[in-house]
Number of protein chains: 2
Amino acid sequence: MNDNTRRNMPLFPISIVMKLTELSARQIRYYEEHDLIHPARTEGNRRLFSFNDVDKLLEIKALLEQGVNLAGIKRVFELNEQAVNILQAGHQMQAKKEVSDSAIHRRLKRELMHAGRFGKTSLIQGELSRFFH
Amino acid sequence: MNDNTRRNMPLFPISIVMKLTELSARQIRYYEEHDLIHPARTEGNRRLFSFNDVDKLLEIKALLEQGVNLAGIKRVFELNEQAVNILQAGHQMQAKKEVSDSAIHRRLKRELMHAGRFGKTSLIQGELSRFFH
DNA sequence: ATCTTATGTCATAAAAGCTCACATGTCAAT
DNA sequence: ATTGACATGTGAGCTTTTATGACATAAGAT
């Protein structure tokens, strides 16, 4: 099980996410409705959020506070993911060639993953991020 | 917010803990009834488990599989906590004296925290432990 | 054979979450 | 000033999840 898997593991009910992000249930559901997050569901249709989901919600919150609207935030996310994909592809190529100065690449990828959270992230996000590596 | 605080943050509903530990709700509640864990509660009285709780449950499971009964497990936990306290005290003394070869001490403390999980821990625990530092 | 320990199962009640619908505050454009 | 879009609040009705408590039982210990 790798880091990505762990960050995407569905763990939290909405009540916990509300506290972690200081968002209302309405807000969280609204952002999902607009395809900014895609929490998993239990068999009984209850939302289950991963660390990644929480992270994204904090990013949404920060961007909204900076005046970006949901459409803009969606774009930010898309671009971010593209960049990550490109880096991953490069990373895999390297792995096959066994060149593997992968440490540098991993670092770059991480920085990209966290791009968009330019500085002014909430305290909570700062704290939460420490759950990860 | 320090590492300890984070590990003790109430996050998971019992359903998630069931999957994480592969224990039944009955088992989890039974262990609580016998004071092996003390999950937090929501206002509405639902259990909320922390990473530490999950960790403890995995340890309980491992020890049970090794034939230790609940009374024995309780003792193991108590001894473990004692040791941690002693180390912490020493650590604080050092901090005041500003001697601070604290890295070594932290390491020792961590190893003690994880003592009792001698080797044969479950796969899941191994995976889960990677959430932490 | 009986007791203890750990766990399963079921009933009942309450909490938490879901969707849908309607209301509202804030801007920007007309 | 009016309209409209966006983001969010609120409430009703319903379903899922969890809690507690009681009773049942398998496996060991006495």
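Residue numbers start from 1 in every chain, and the chains themselves are labelled A, B, ... in the order their sequence lines are given, proteins ahead of strands. None of these values were measured; they are calculated from a predicted model.
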Please tell me which of A:Leu70 and A:Arg29 maps to the more 5' nucleotide of DNA chain D, matching each residue to the nucleotide holding its nearest heavy atom.
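Here A:Leu70 is the residue nearer the 5' end.
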
Check whether any side-chain N or O of [X] sits under 3.5 Å from a backbone N or O of [Y] as a donor-acceptor pair, and report yes or no.
{"X": "B:Glu65", "Y": "B:Ala62", "value": "no"}
{"X": "B:Glu22", "Y": "B:Lys19", "value": "no"}
{"X": "B:Lys61", "Y": "B:Leu23", "value": "no"}
{"X": "B:Asn8", "Y": "B:Asn4", "value": "yes"}
{"X": "A:Lys74", "Y": "A:Asp35", "value": "no"}

Taking only residues at least two apart or on different chains, which pairs with a member in residues 57-85 of chain B satisfy ring-ring contact (aromatic ring centres under 6.0 Å, His included)?
none

Span of DNA chain C in contact with chain B (heavy atoms, under 4.0 Å)
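Contacts span C:dT5 to C:dA16, reading 5' to 3'.
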
Can you pull the contact range of chain A along DNA chain D, 5' to 3', using atoms under 4.0 angstrom from its heavy atoms?
D:dC6 to D:dT17

Using a 4.0 Å heavy-atom cut-off across all strands, classify B:Arg47 as base, sugar-phosphate, or nothing.
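Here B:Arg47 touches the backbone only, sparing every base.
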
Comparing B:Leu23 with B:Glu43, nearest DNA chain C nucleotide closer to 5' gives the residue B:Leu23

Residue whose closest nucleotide on DNA chain C lies nearer the 5' end, B:Ala71 versus A:Arg46
B:Ala71

With salt bridge (charged side-chain N to carboxylate O under 4.0 Å, His left out) as the criterion, how do B:Asp53 and B:Lys56 come out once you've worked through the C-alpha distance, each side chain's angles and the decisive distance to 0.1 Å?
CA-CA 5 Å; B:Asp53 291 325; B:Lys56 268 190 159 183; over 6 Å; no

Give a yes or no on whether A:Arg75 atom CZ has more than 12 heavy-atom contacts from other residues, nucleotides or ligands under 6.0 Å away.
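No.
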
